[in-house]
Undergrad: 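Have a look at this one before I ask anything.
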Amino acid sequence: MAVRLTGLGVSVYTRIARLMLAERRIEYEFIEIDPFVGTSSALVDLNPLHTVPVLDHDGFILHETSAILRYLETAFNGVPMVPGAPKPLARMAQVISVIDSRGYWPMVRQVFAQRVYAPLYGEPVDEAVIAEGLRRAVPVLQALERIAGERLVLNGDRVTLADLHLGPMVGYFQQAPEGQEILAGNKALSRWWGWFRERPAFQAVDRPVGPGGLASPPKRL
Ligand SMILES: N[C@@H](CCC(=O)N[C@@H](CS)C(=O)NCC(=O)O)C(=O)O
C-alpha cells in the first residue's frame, strides 16, 4: 500500500497532514510542490484548487486536510482520534471549522507570515496586516479557550483530530511575540499547548522554517 503526500514543508496544512501520518506511524513519500509560486500542472492534476496537501493512497487522491485526517484515521490502525459520543464529536468538528474558517488566515497568513516569516527572507513587514491579524485572532482564541476549558476535547488527555488541526496553527502563531502574549492570556488553551507541543509526532514535524531550515526555501507560505 503506497502512500504519497504532496505538500510544502512550511505549509501549516501540510504539517497537519504530516502530523496525522506521524501519529499513525504511516510511511509515505513526500513530494514537495510550492503552490504559491506559479501554477504547477502536477498539482492541478491532483487538485484543481491548487492547494496542498494532497494525499495519494494507492491511487485514491484526496485533498482538503480535514478529509485527509478523517480518511487516515479510519483507513489505518491506531488509537481512535474521533470521539464516539455526540458532544465531544461536535466539539471536535467545531474546533476544526473555527480554525479553517477564522483561524488560519489571521494566525498564520497575517501574524506569523508577517512577524516571523517575512524577516527570515529579508522581506518588509506590514504592521497593519499584523494588527488586523491580531484583532481577528483574539476572538478565535477566546472561542478555543472556552472549548479547552470545558475539556471535552483539547483536554491534554485524549488526542483527537481537533488537536492535530489546531497544533501546527498555534505552533506558528505563538512564534510571534504578540501571538505568545495572546495565547498566554488564555489559560486553558496555554495548558493544552504545553501538553501538545511535547507530543513526539508534533516534535517530528515541527521543523524550523527559514532559509536554513528547508532544502528549497519558498518565499511565501
Ligand atoms: N482547504 C484546504 C486549504 C489548504 C491551504 O490553504 N493550503 C495552502 C498552504 S498552507 C495552500 O495550498 N495555498 C495555496 C493557495 O491558496 O493558492 C485544506 O484544508 O487542505
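Order of appearance sets the numbers: ligands from 1, and atoms from 1 within every ligand. Computed from a predicted model, the values in this text were never measured in an experiment. Only heavy atoms go into these numbers, but all of them, side chains included; no hydrogens, no water, no symmetry mates.
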Undergrad: Checking Tyr28 against Asp56 for the side-chain hydrogen bond (donor to acceptor under 3.5 Å, both in side chains) test, could you report, in this order, the C-alpha distance in whole Å, the side-chain angles of both residues, the deciding distance, and whether it holds?
TA: CA-CA 10 Å; Tyr28 63 99; Asp56 176 349; over 6 Å; no

Undergrad: Less than 4.0 angstrom from a charged side-chain N to a carboxylate O is my criterion; do Arg146 and Glu150 meet it?
TA: no

Undergrad: Mind checking what makes side chain to side chain contact (heavy atoms under 4.5 Å, CB included) contact with Arg70, not counting sequence neighbours?
TA: Val82, Met92, Leu161

Undergrad: If you measure from atom 9 (C) of ligand 1 to every heavy atom of Ala67, Ser11, Ser101, Ala17, which option wins on shortest distance?
TA: Ser11

Undergrad: Any atom of ligand 1 sitting under 4.0 Å from a heavy atom of His63?
TA: no

Undergrad: Considering the heavy atoms of Thr65, write down every atom of ligand 1 situated less than 4.0 Å from one of them.
TA: 18 (C), 19 (O), 20 (O)

Undergrad: When you measure from atom 7 (N) of ligand 1 to each heavy atom in Leu8, Thr51, Val52, Asp100, which option holds the nearest one?
TA: Val52

Undergrad: For Glu198, check salt bridge (Lys or Arg N to Asp or Glu O under 4.0 Å) against everything at least two apart and list the hits.
TA: none

Undergrad: State whether the shortest distance between N or O atoms of Arg109 and N or O atoms of ligand 1 falls below 3.5 angstrom.
TA: no

Undergrad: Counting each atom of ligand 1 from 1 as listed, which ones have a heavy atom of Tyr104 under 4.0 Å away?
TA: 8 (C), 10 (S)

Undergrad: Quick test of your reading of the model: are Arg115 and Glu127 salt-bridged, counting only N-O distances below 4.0 Å?
TA: yes

